[in-house]
Amino acid sequence: MTKKFFKILAKLNKIILPSYTKQRLDLSKASKFQMAIFGWKLYVTKNALD
């Protein structure tokens, strides 16, 4: 159940949230908001793959 939830959430993230890797964002210069989005996407992706 939770893995399916995270897979759906990962697809929504891909549609809604910006991709900072495609934008070539330097993480050392990212704002706290950008880092929070990056961390959230990383968390969701990690749980969707487990």
Side-chain angles (χ1 to χ4, degrees):
M1 175 66 188
T2 58
K3 187 173 182 177
K4 190 173 186 177
F5 171 73
F6 277 108
K7 285 190 177 215
I8 293 168
L9 194 56
K11 287 184 182 190
L12 284 174
N13 283 348
K14 188 173 182 179
I15 294 169
I16 298 171
L17 297 176
S19 174
Y20 292 129
T21 54
K22 288 182 183 176
Q23 294 177 3
R24 299 281 214 181
L25 176 70
D26 185 9
L27 292 179
S28 64
K29 296 177 183 175
S31 69
K32 290 186 186 262
F33 183 70
Q34 289 171 325
M35 289 298 286
I37 291 174
F38 187 79
W40 170 253
K41 289 179 79 170
L42 185 67
Y43 171 76
V44 170
T45 302
K46 180 184 172 286
N47 285 309
L49 294 176
D50 283 342

Derivation and outcome, side chain to side chain contact (heavy atoms under 4.5 Å, CB included), residues L9 and Y43: CA-CA 11 Å; L9 194 56; Y43 171 76; over 6 Å; no

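- Shown here is Y20, whose OH atom has more than 12 heavy atoms of other residues, nucleotides or ligands within 6.0 Å.
- Of all the heavy atoms in P18 and K41, the pair that sits closest is O-NZ, 3.2 Å.
- Across all their heavy atoms, M35 and L27 have their closest contact at SD-O, 3.8 Å.
- Evaluated for a side chain to side chain contact (heavy atoms under 4.5 Å, CB included) with V44, the options L49, N13, L12 yield exactly one hit, N13.
- Not a single side-chain hydrogen bond (donor to acceptor under 3.5 Å, both in side chains) links T45 to another residue, sequence neighbours left out.
- Under the 4.5 Å side-chain criterion, counting only non-hydrogen atoms from C-beta, W40 is in contact with L17.
- Clustering ILVMFWY residues whenever any of their side-chain heavy atoms sit less than 4.5 angstrom apart, transitively, puts I37 in a cluster other than the one holding L42.
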